[in-house]
Amino acid sequence: MTLPGVLLLDAAGPEAGLLATAAAARGHQVHAATTAAAYAGYGPELKGLLAGHIATDFTRPGKALAETAAYARRHGVGAVLTVNEYLTELAAHVCAELEVPGNDPGRARAARDKAVMSEAFAAAGVRTPYTVLVRDDAGLWAALADPRLGFPCVLKPLSGAGSAGVTVASGPAGAAEAAHVARETVGMYGSGGAPGVLVQAFAAGTEYSVESLTQDGTTTHLAVTRKQVTGGTKRVETGHSLPICLPPAVVSAVYREVEAAIRAAGIRHGASHTEVIVGGDGRCTVIEIGARLAAGHIGVLIQHALGIDVWAALLDVALGRPAALTPAARGYATVRFVISPRAGRLVSLCGFPKTGPGVPFVRWRAAIGGLVHEPGANGHRLGAFVVTGAEAAEVEERADTLLRRVRIHVEPAPENPGQVRPASTSDIAP
Ligand SMILES: Nc1ncnc2c1ncn2[C@@H]1O[C@H](COP(=O)(O)OP(=O)(O)OP(=O)(O)O)[C@@H](O)[C@H]1O
Ligand SMILES: [Mg+2]
């Protein structure tokens, strides 16, 4: 019997690679819809896994939908997935067009456009920060005078990701600059550059995310993840840990809000990643939802800590088969991101961990000799490693110890970018 084909919208990145590997290992033909430029950058391993691809233009969603659906029909595709935040809306439309399990295309925008998300949450009674969409300076000043916002407040692009262009402003001057930054922030596939900026009330508390899988409208929460985030004006993630055990009353409050958010965003078949802040009073505020598996290697953490085959489960949900979601392990896992203390040229690196017992995953992605950024977005991470074990305290301690051993040397960038020698990963000292 021929198995249905599996189509990934954008197959780049570690999560998509693991999904492609899992699908191919189960005997599915794996296809990718991507851009010609992105396909050119796929490595030989990924290209070897793919049975075929279609190069399309994601900046033109109507055209991308028609081309992708036509390709999928020609190749017997029975499951469509994406782990790319920018493509979740398109994925819902492609699934609907092909009549394969997917999310409600009529609501999918709510998981991509934070203004639509805020309205959808408010309409569904999801507890979410008071949010104003401002289109110009006059709108910004009016919003800042609104006592429901106050300072600090958060300014963010409408459809950004990876914390890019998000600023916590403590006063009007900072807010004006932050609005400019948010407006100028450009995401993938032509996202960004819109005049609208969101100004949001600041939710104080501890940040978590909830990783869920919904099948036929029934949601299973796989884990609550604690996020390590930098303080200050730029909130950049520095690590994630799971599973986090919260008091039962808090878990109920969190799950109630998350499930309402999942429904509001039309998530019927697939993964979701909901970011929440739990206040000192135990109340849960939903910051945002993504209609996809979490990034930042959270899938790897779930796999190792809980023994759930996340990639197989995602495939099953996309194929409309019952997914195996019962944990087979009771461990703990954490990821640490290596970030640069300052902008400049990365001169050297040493002490970065290698994989081994309790360290199942490492990934270095910055090039020696290349320019690095002061952390302002998740995309500025230099590398990541995962630590697993039986006990939370020992895993966290080991991860911190390993992180302290990482030494990076960053020099001020030369005035003339021509002086920067070509980046090379071969200079990395283990
Ligand atoms: N209303 C808020 N109150 C408090 N902190 C906030 C608020 N909104 C955003 N933040 C902080 O800024 C970070 C980034 O914001 P947000 O999640 O909206 O952006 P994003 O670009 O979608 O991020 P990512 O893709 O990394 O999840 C959050 O993780 C949180 O630390
Ligand atoms: Mg976020």
Side-chain angles (χ1 to χ4, degrees), residues 13 15 82-89 110-118 121-122 126-133 143 146 148-170 174-175 178-179 181-188 191-192 197-211 225-240 257-258 261 265 271-280 283-298 335 337 339 375-381 384:
E15 276 85 14
T82 191
V83 290
N84 182 324
E85 166 65 24
Y86 291 93
L87 297 176
T88 58
E89 187 180 4
R112 275 302 303 129
D113 178 319
K114 289 176 180 170
V116 179
M117 186 186 297
S118 166
F121 284 175
V126 178
R127 198 162 185 271
T128 193
Y130 177 68
T131 302
V132 181
L133 170 63
D146 185 335
R148 287 169 289 185
L149 277 173
F151 289 105
C153 63
V154 185
L155 290 98
K156 50 178 89 172
L158 286 181
S159 58
S163 303
V166 178
T167 308
V168 177
S170 52
V181 170
R183 222 173 268 130
E184 298 286 300
T185 298
V186 176
M188 291 178 90
S191 138
V197 166
L198 289 184
V199 190
Q200 203 163 67
F202 182 84
T206 309
E207 246 186 287
Y208 301 94
S209 60
V210 181
E211 323 314 332
T225 307
R226 191 177 51 239
K227 291 160 71 100
Q228 271 189 9
V229 182
T230 55
T233 55
K234 293 287 171 198
R235 304 288 160 120
V236 179
E237 293 165 356
T238 54
H240 302 295
E257 297 300 332
V258 169
S272 55
H273 167 71
T274 313
E275 299 183 342
V276 304
I277 291 184
V278 177
R283 295 215 287 177
C284 168
T285 302
V286 178
I287 296 295
E288 66 160 341
I289 189 163
R292 55 171 172 84
L293 181 73
H297 313 302
I298 287 176
V335 59
F337 302 117
I339 52 178
N378 296 343
H380 297 158
R381 293 169 187 158

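Remember, it's 1-based here, ligands and their atoms both numbered in the order they're listed. For the numbers below, each heavy atom of this structure counts, side chains included, while hydrogens, waters and symmetry mates do not.
Tested against Glu85 for a side chain to side chain contact (heavy atoms under 4.5 Å, CB included), the candidates Met188, His273, Arg292 yield a single pass: Arg292.
For ligand 1, the polar-atom distance check against Ala203 finds a nitrogen or oxygen pair separated by under 3.5 Å. The shortest N or O to N or O distance between Glu275 and ligand 1 is under 3.5 Å. In terms of polar-atom proximity, Gly162 is counted as a contact of ligand 1, with an N or O under 3.5 Å from an N or O of the ligand.
Judged by the shortest distance from any of its heavy atoms, Glu237 lies inside the 4.0 Å radius around the atoms of ligand 1. In this structure, Lys114 has a heavy atom closer than 4.0 Å to ligand 1.
Protein heavy atom closest to atom 21 (O) of ligand 1, with residue, atom name and distance, is Ser163 N, 2.7 Å. Counting only heavy atoms of the protein, atom 15 (O) of ligand 1 lies nearest to Val166 CG1, 3.8 Å. Ranking protein heavy atoms by distance to atom 28 (C) of ligand 1, first place goes to Glu207 OE2, 3.4 Å. Protein heavy atom at the shortest distance from atom 8 (N) of ligand 1 is Lys156 NZ, 2.9 Å. The single protein non-hydrogen atom nearest to atom 13 (C) of ligand 1 is Arg235 CB, 3.9 Å, given as residue, atom name and distance. The protein atom (non-hydrogen) at minimum distance from atom 6 (C) of ligand 1 is Val154 CG2, 4.0 Å. From the protein, the heavy atom lying nearest to atom 26 (O) of ligand 1 is Asn378 ND2, 2.8 Å.
His297 and Phe337 have tilted rings, their planes meeting at an angle from 30° to 60° on a 0 to 90° scale.
Inter-residue side-chain proximity for Val132 and Leu149 is flagged as met; some heavy-atom pair is nearer than 4.5 Å. Between Leu133 and Leu158 there is a side-chain heavy-atom pair separated by less than 4.5 Å. Within the 4.5 Å cutoff, side-chain heavy atoms of Val236 are placed close to those of Asn378. Inter-residue side-chain proximity for Leu293 and Glu15 is flagged as met; some heavy-atom pair is nearer than 4.5 Å.
Taking every non-hydrogen atom of Pro129 and a distance limit under 4.0 Å, the qualifying atoms of ligand 1 come out as 1 (N). Using a 4.0 Å cut-off to heavy atoms of Val229, the atoms of ligand 1 that qualify are 31 (O). Within the listing of ligand 1, atoms 3 (N), 4 (C), 5 (N) sit less than 4.0 angstrom from a heavy atom of Phe202.
The closest donor-acceptor contact from the side chain of Thr128 to the backbone of Val286 lies under 3.5 Å.
Within Glu275, the N, O or S atom lying nearest to the Mg ion (ligand 2) carries the name OE1. When the N, O or S atoms of Glu288 are ranked by distance to the Mg ion (ligand 2), OE2 comes first.
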TODO: Could you please spell out the steps behind the side-chain contact (heavy atoms from CB on, under 4.5 Å) verdict for Val276 and Glu207?
DONE: CA-CA 6 Å; Val276 304; Glu207 246 186 287; over 6 Å; no

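Listed here is the closest heavy atom pair of Cys153 and Val199: SG-CG1, 3.9 Å.
At least one test fails for Arg226 against the ring of Tyr208: distance under 6.0 Å to the centre or angle within 45° of the axis.
Proximity of Ala201 to ligand 1, defined as any heavy-atom pair under 4.0 Å, is confined to the backbone N, CA, C and O atoms. Only side-chain heavy atoms of Ile277 come within less than 4.0 Å of ligand 1; its backbone N, CA, C and O stay farther off.
Of the N and O atoms on the side chains of Ser209 and Glu275, not one donor lies less than 3.5 Å from an acceptor on the other residue.
Ion pair Lys227/Glu237 flagged as a salt bridge, since at least one NZ, NE, NH1 or NH2 atom sits closer than 4.0 Å to an Asp/Glu carboxylate oxygen.
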